[in-house]
Each structure stands twice: as C-alpha cells, then as structure tokens.
Amino acid sequence: MIELKHIHKSYGSQQVLRDINITFKAGELCMLLGPSGCGKSTLLKLVNRLIEPNEGEIFIDGKSSSTMKPEILRRQIGYAIQGVGLFPHMTVRENIAVVPKLLKWDSQRIHDRVDALMDLMGIPEDYGSKLPSMLSGGEAQRIGVARALGADPDILLMDEPFGALDPITRRRLQNEFVTLQKKLHKTVVFVTHDIGEAVRMADNLVLIHDGQIQISGRPESMASQEETLARSFFGDQFTFELLEKYTLESYPSVLQKNRIEPIKGVASGLTHRSTFREVITEMLESGETEVGVHLEEGMASVGFRDLVKMFGGAGID
C-alpha cells in the first residue's frame, strides 16, 4: 500500500502539486489521468524519491519513505517508462537481470528469474541474446516491463510506458498487461493522458488537473458523476470506452435468465464474454431493444434498459 499525505511540490514559484492526499491499495492497478503538465509524472517520481516533496509525507506499507535510503527504496519498486530506456550495450537477458544483479542475487537465481519473466512476458528464448537495437517498439517495451519486474517488486510505477507505440501494438500490450496484472496482483501506479487507456486498464481511476486530484474511483462509478470538470475532460469517449471494457461476465446481474420468452435475435453470437459495446451493436443491427445471449446452461437475454440502469449506477455491484 502507498499513502500520500498533504503532498506539495513546487519548482521555484511554480506549484506543481497542491495538498495531494491519496492511497493506492495493495494489488490495485491505479491509473493517473490528466492533461500534460498537470503533475502526474511528478507524483510518480515522488513515490520512489527521484524527487522530494516540499511538504507532506509518503508511506509505503506504513513506513515513511523518507526514512529509507533512496537507492534501496528504488530497488524495491519496479519502474517502467515511455521509450523503455533499455541499456543499448546489454542483451535482453542482461537488461532484465539488472536489478537482481544490483541486489546481489546468486547467478542461478538470476538465471531462473530471467527465464521465468521471459516466459511470463511471451518473449521467445532466442531473443535473450539480442540487443535493444534489434527489437521492435512493442518487443522493447515488453522487455522494459520484464526488467521492471526483475526483482519481483510489490510496487510497479509506470510512466506512459506504451505512449510511443502505434495504436495496434499499444492496444495489444494494454490487454496483455491487464491479463498479467490479474495473475501478479502488483500495486501498480500508471500515468497516462489517454482516456481510453485509463478506462480500459484501471481498477481505480484518478483525474488530476492543475496539480490537484479532482475525482477518483472505479471507472464505471464515474459514468454518472456530475462534476463539471470531470464531464468536460472525459467527454463522450469515456462512456464509449466503458462499453468496450466491461463484459456480460463482469456484470451478470444484467442477464435475465427468467425473461427468455420470447427472445428476438436469438441467432446473435453474444456470449457471457461479449462486451457491452457488442451488445449494443447487436441491438442496433437487429432493431431490437432485447437480445439473446448464449450461456453454457442455456439462453438468457439482456435489454437496453438493463444497460442504462448499470451505467446510471443502479446495477453496479
């Protein structure tokens, strides 16, 4: 767990962060969202003491980070950045092994850890001897995440790690990372200015504007928020991304198993893994406000009113 209490940060007369109070829960993927210059990256750097606050205190698992040596603290926190920052003279395996070597792990333990991470990240074995210059952008970014996980840290800080990638590669890595996080349950603080990336990936979403936290919470709970600033910042894209993020499996309460006669549109290909966007697309294409869903135990249906209730807050678990 990471807790920031009354954090202020200024550079000369420019105040970057003002009275930041927030807790990042253990095992949670928290996305920091906001426009360029709002203080997102500054907040991230404060956590691993790349910079120091002017006021306030940061606690990691209940212990003040100011009592820890910065270099020791950083070795316990994974850090992945945009542009990767791989050491160009080191091979893939050597890059992944950087932090374990600094921690003086024995050679066999390092070898086993690198093997495990390459397998976890889907990096082919023959890539181990390649130099960064021989990798594509997506491959290099995957190595960067593996390196950040090198010493199996509980905390992972990520500063727009996928920002420089093309949209297709970026979307694939976003999905892969969310799947990976479900396995590892790291405490992840991820900086982005991309609304779609934030909505698709976040367990908890924090909007930062002008150096202050404006709103935070689960993405779906923000759909009906009335805050003017949040509404103006998110726009319509926020709702569209929510529709693509959540599946019927995520919210089975919208499935009506006792309302299946008659179901128009039974021939649809919808299943419990279908996204809400796919459900609405099916409704639009069929001209129906209620469509059938194929489940292992039989058929169910979902109606447009059910979706509206969910995004209005009534159907949120």
Side-chain angles (χ1 to χ4, degrees), residues 1-48 50-60 65 81-82 155-163 174 178 181 187-246 310-314 316:
M1 183 183 73
I2 307 168
E3 187 175 11
L4 284 72
K5 292 186 175 181
H6 302 294
I7 295 295
H8 293 259
K9 180 62 183 177
S10 299
Y11 294 104
S13 61
Q14 182 185 4
Q15 193 167 26
V16 181
L17 293 173
R18 294 179 288 167
D19 198 26
I20 297 294
N21 293 276
I22 191 168
T23 297
F24 302 116
K25 297 178 182 178
E28 180 179 77
L29 199 171
C30 181
M31 304 292 290
L32 302 182
L33 175 66
S36 297
C38 71
K40 306 184 301 294
S41 294
T42 297
L43 191 155
L44 206 67
K45 291 174 182 177
L46 287 167
V47 173
N48 67 352
L50 285 174
I51 57 177
E52 301 288 350
N54 298 108
E55 298 178 39
E57 200 161 7
I58 299 172
F59 297 88
I60 297 178
S65 64
I81 60 173
Q82 181 175 328
I155 296 170
L156 185 61
L157 307 179
M158 308 184 77
D159 195 351
E160 300 198 60
F162 309 142
Q174 290 167 355
V178 170
Q181 169 64 2
T187 302
V188 183
V189 186
F190 191 121
V191 164
T192 184
H193 64 265
D194 184 302
I195 294 173
E197 182 170 70
V199 173
R200 286 191 296 269
M201 296 182 67
D203 294 322
N204 186 48
L205 179 57
V206 178
L207 173 61
I208 300 179
H209 181 77
D210 196 23
Q212 294 181 302
I213 294 173
Q214 302 295 331
I215 184 174
S216 64
R218 292 171 61 187
E220 66 271 29
S221 70
M222 294 182 180
S224 58
Q225 292 287 346
E226 297 299 330
E227 285 84 347
T228 303
L229 178 61
R231 280 287 188 181
S232 63
F233 182 82
F234 290 141
D236 293 336
Q237 184 186 354
F238 185 79
T239 302
F240 292 141
E241 295 294 348
L242 279 175
L243 291 173
E244 190 155 343
K245 172 174 179 164
Y246 293 107
M310 197 206 84
F311 281 98
I316 296 173

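Because only heavy atoms are used, hydrogens play no part in the values below, and waters and symmetry mates are left out as well, while side chains stay in.
Nearest heavy-atom pair across Leu205 and Ala198 is CD1-CB, 3.6 Å. Summarising the geometry of Ala202 relative to Met31, their closest heavy-atom pair is CB-CG, 3.3 Å, with the distance given to 0.1 Å. Scanning both residues, Pro161 and Val191, for their nearest heavy atoms gives CD-O, 4.5 Å. Taking each heavy atom of Thr187 and Lys25 in turn, the nearest pair found is CG2-O, 3.5 Å. Shortest non-hydrogen contact noted between Ser65 and Ile60 is CB-CD1, 4.4 Å. Taking every heavy atom of both residues into account, Gly56 and Ile7 meet most closely at C-CD1, 3.6 Å.
Note that the SG atom of Cys38 and the NE2 atom of His209 stand 8.5 Å from one another [nearest 0.5 Å]. The structure places CG of Asp159 at 10.0 Å from CG of Leu50, a figure rounded to the nearest 0.5 Å. In this structure, the separation between NE2 on His6 and CG on Asn21 is 4.5 Å, given to the nearest 0.5 Å. To the nearest 0.5 Å, atom CZ of residue Arg200 and atom CD1 of residue Ile195 are 11.0 Å apart. Considering SG of Cys30 and CG of Leu157, their distance stands at 11.0 Å, rounded to 0.5 Å. How far OG of Ser216 is from CG of Leu33: 12.0 Å, rounded to the nearest 0.5 Å.
Thr23 is listed as a side-chain neighbour of Met1, based on a closest heavy-atom distance under 4.5 Å. Looking at heavy atoms from C-beta onward, Leu46 lies in side-chain contact with Ile58 at the 4.5 angstrom threshold. A heavy-atom distance below 4.5 Å is not found between the side chains of Asn204 and Phe24. In this structure the side chain of Asp194 never reaches within 4.5 angstrom of the side chain of Glu160, judged on heavy atoms.
In this structure, Lys245 contributes its side chain and Val199 its backbone to a donor-acceptor pair below 3.5 Å. The backbone N or O of Pro35 lies less than 3.5 Å from a partner atom in the side chain of Lys40, making a donor-acceptor pair. Of the possible polar contacts, one joining the Asp203 side chain to the Leu29 backbone as a donor-acceptor pair under 3.5 Å is found.
Partners of Glu197 under the side chain to side chain donor-acceptor pair (under 3.5 Å) rule, at least two apart in sequence or in another chain, are Arg170, Gln174, Thr192. Judged as a side chain to side chain donor-acceptor pair (under 3.5 Å), and not counting sequence neighbours, the contacts of Glu52 are Arg49.
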Evaluate the side-chain contact (heavy atoms from CB on, under 4.5 Å) criterion for residues Gln214 and Ile208: first the C-alpha distance (whole Å), next the side-chain angles of each, then the deciding distance (0.1 Å), finally the verdict. CA-CA 6 Å; Gln214 302 295 331; Ile208 300 179; over 6 Å; no

Apply the test side-chain contact (heavy atoms from CB on, under 4.5 Å) to residues Leu4 and Ile2: give CA-CA distance (whole Å), side-chain angles for both, the deciding distance (0.1 Å), then the verdict. CA-CA 7 Å; Leu4 284 72; Ile2 307 168; 3.8 Å; yes

Given side-chain contact (heavy atoms from CB on, under 4.5 Å), test Val188 with Met158 step by step and report yes or no. CA-CA 7 Å; Val188 183; Met158 308 184 77; 4.0 Å; yes

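For Asp210 and Arg18, the salt-bridge test passes: some basic side-chain N is under 4.0 Å from an acidic carboxylate O.
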